[in-house]
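Both counts, for ligands and for their atoms, begin at 1 and track the order of listing.
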Amino acid sequence: MSELHELSLKELAKALQNKTVSARETSEHFLARAKAHASLIAASNPFEQGSRGAQDASCGAFVSFNEAYTLKQADLSDQRIAKGQARALEGVPIAHKDIFVTKDFPTTAGSKMLEGYCSPFDASVVTQLEDAGMVNMGKLNCDEFAMGSSNENSAWGAVKNPWDTSRVAGGSSGGSAAAVALGLCPAATGTDTGGSIRQPASFCGITGIKPTYGRASRYGMIAYASSLDQAGPMAKSAEDCAMLLSAMCGPDPERDSTSLDTPKEDFTRSLGDDIKGLRIGIPKEFFSDGLHAEVRQAVELALKELVALGAQLVPIELPKTELSIPVYYILAPAEASSNLSRFDGVKFGFRAKEFKDLDEMYRKTRTEGFGQEVKKRIMIGTYVLSHGYYDAYYLQAQKIRRMIANDFQEAFKRCDVIAGPVTPQVAWKIGEQNTDPLANYLADIFTLPASLAGLPAMSVPCGFGAANMPVGLQMIGNYLKESQLLNVAHQFQLATDWHQRALGESQ
Ligand code: GLN
């Protein structure tokens, strides 16, 4: 048998149910791998380490473990398996982006502000995955409060890209992408507000899907921009993602008012449908001059492959693609400035040590607790919402957001799915874009439109670009069409082996 970390989720679940391997052995195997790679955990106070440009060659993906809890859960899975009561993913380990609150692990959202914070409850997504039998093996690094595209905005330090440790893993779910790529966990959760599942998945050569807004409950997912935030799985293949998504989605009306009233679904049900006659929309704006040549080449070859499988390409237009950047970078900070007002030194985590009165306590706590990028966005958000500017910025952005969503609906009259690149370039060098904040924002151009429209979208490995770094093919589906989207990706993965390349095997 292959090593446990080389198995697909389906194979691993089967091996567990057949008792070829026990849940305890499985958890021990992945914990040992993850611990061997974890650089920052051992530090007594990682937040004081100045860990940027980190100390050793490991990737810095994991930020906390609770081995006793993980192994206890694994033992419970073994007992269920012994009694013939195994659930779909019984005993399969999963690690969570550190933005999902968990009662048995600390939750920091990559911020000093939540230093030492432990939630009294679990996020709905965490509970749902546990209800499917999954074993929680730890928490994963991310950009502070999910703000970023490179995981460099984390108080824990940057996550390094497993394909080239001098490069970023992408963000904000960089820890999740790196951990899956390295086989430190068979699957991970991520969140995507403007691309944070798709972009790190593409940078690290793994598969990730952001479902339709409202599919997965946001309860217990620390809020960045509530009208955009959505949870999703990150794993080695579309099939793995389909299994995970089936477990993690479902209505949660009492705890998330934006949760959709659609019953739980089996997203694996269409895997296997053939894609003859499928119309794939190709937005011309996604192939503009800013797209790096090697990325374009990999994406175009992937589209050829889909044509060979029977799909047809339909030219479409998404004319407001460029506007999605200013629109997003008004709306997301506006919502963030409101959501982050709760971190005041009273209720959660960090509080400044010295202050003379309440005002100073708030000011110092927020000055010392938040990182640069978060403070920048709180200021932008406060400005765009302020009296006299609201109509000019926030309201205007909301109107264009609607037009962006309408453009997609126009396009979906002529095609079934939309395809293009995830990002204009491959993973850049750590530190390279820090001096130019706009460069980071511009790199989000292809992921923001689907987020603003609330559409399901995924990243699928489709080749290698500059410096032999992975490239992702983005596919966007219409509302609630995750099954179809996952099947197109699955068919592509049956015909190609990009998603199976081991680290270093880019040729
Ligand atoms: N890069 C985008 C941002 O910085 C998206 C982040 C996300 O999806 N959480 O806001």
Side-chain angles (χ1 to χ4, degrees), residues 96-100 109-111 125 140-154 158-159 168-177 188-203 208-211 213 216 218 221-234 324-340 370-381 384 397 401 422-425 427-428 433-434 436-459 472 474 476:
H96 296 289
K97 182 175 182 179
D98 202 24
I99 202 138
F100 291 95
S111 182
V125 161
L140 297 162
N141 203 345
C142 59
D143 279 304
E144 185 173 7
F145 291 106
M147 297 179 193
S149 311
S150 66
N151 217 127
E152 290 169 288
N153 304 332
S154 165
V159 177
V168 302
S172 63
S173 314
S176 308
T189 51
T191 63
D192 192 311
T193 303
S196 279
I197 287 176
R198 290 161 284 162
Q199 189 255 25
S202 113
F203 278 12
I209 179 167
K210 170 195 99 72
Y213 179 81
R218 287 185 300 106
M221 212 171 93
I222 295 175
Y224 163 17
S226 312
S227 77
L228 294 151
D229 296 344
Q230 198 40 211
M234 301 173 76
S324 62
I325 298 175
V327 167
Y328 174 87
Y329 280 102
I330 287 172
L331 296 178
E335 295 185 28
S337 71
S338 162
N339 277 326
L340 270 57
F370 288 134
Q372 285 306 320
E373 184 64 27
V374 172
K375 281 190 266 199
K376 192 197 302 171
R377 296 197 192 192
I378 291 174
M379 283 190 274
I380 295 172
V384 300
R401 180 180 189 178
V422 176
T423 56
Q425 72 280 71
W428 52 83
Q433 295 205 10
N434 276 351
D436 180 3
L438 257 189
N440 275 320
Y441 297 172
L442 291 174
D444 292 339
I445 184 159
F446 303 135
T447 50
L448 297 179
S451 293
L452 289 164
L455 292 165
M458 64 185 300
S459 175
Q474 180 174 210
I476 305 172

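Close approach of ligand 1 to A146 is summarised as follows: ligand atoms under 4.0 Å from at least one heavy atom of the residue are 6 (C), 7 (C), 9 (N). Close contacts of ligand 1 with S172, meaning ligand atoms under 4.0 Å from a residue heavy atom, involve 9 (N). Short contacts between ligand 1 and Y224, defined as distances under 4.0 Å to a heavy atom of the residue, involve ligand atoms 3 (C), 9 (N), 10 (O).
Nearest to atom 8 (O) of ligand 1 by heavy atom, out of C142, G148, G194, is G194.
The protein atom (non-hydrogen) at minimum distance from atom 5 (C) of ligand 1 is Y328 OH, 3.3 Å. Atom 6 (C) of ligand 1 has its closest protein heavy atom at S196 OG, 2.9 Å. Among all protein heavy atoms, the one lying closest to atom 2 (C) of ligand 1 is D444 OD2, 3.2 Å.
Note on ligand 1: Y441 sits outside its first shell, no heavy atom being nearer than 4.0 Å. By the 4.0 Å heavy-atom criterion, Q199 is excluded from the residues contacting ligand 1.
Pairing each heavy atom of G195 with each of P200, the nearest pair is O-CD, 3.7 Å.
Taking distance alone, with nitrogen or oxygen atoms compared against 3.5 Å, S149 approaches ligand 1 more closely than that limit. At least one N/O-N/O distance between G195 and ligand 1 falls below 3.5 Å.
Using modelled atom types, no side-chain atom of N151 and backbone atom of A158 make a donor-acceptor pair closer than 3.5 Å. For the pair N153 (side chain) and D143 (backbone), a donor-acceptor distance under 3.5 Å is absent. No donor-acceptor distance shorter than 3.5 angstrom exists from the side chain of K97 to the backbone of G174, with no hydrogens or angles considered.
Taken to the nearest 0.5 Å, the SG atom of C142 stands 13.5 Å off from the NE2 atom of H96.
Contacts with ligand 1 closer than 4.0 Å are made by no heavy atom of K97, backbone or side chain. Counting heavy atoms under 4.0 Å from ligand 1, residue Y329 touches it through the side chain alone.
Side chain to side chain, S150 and N440 fail the donor-acceptor criterion of an N or O pair below 3.5 Å.
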Inset, instruction - For F370 and F145, run side chain to side chain contact (heavy atoms under 4.5 Å, CB included): C-alpha distance rounded to whole Å, both residues' side-chain angles, the deciding distance at 0.1 Å, then the answer. - result: CA-CA 10 Å; F370 288 134; F145 291 106; 3.6 Å; yes
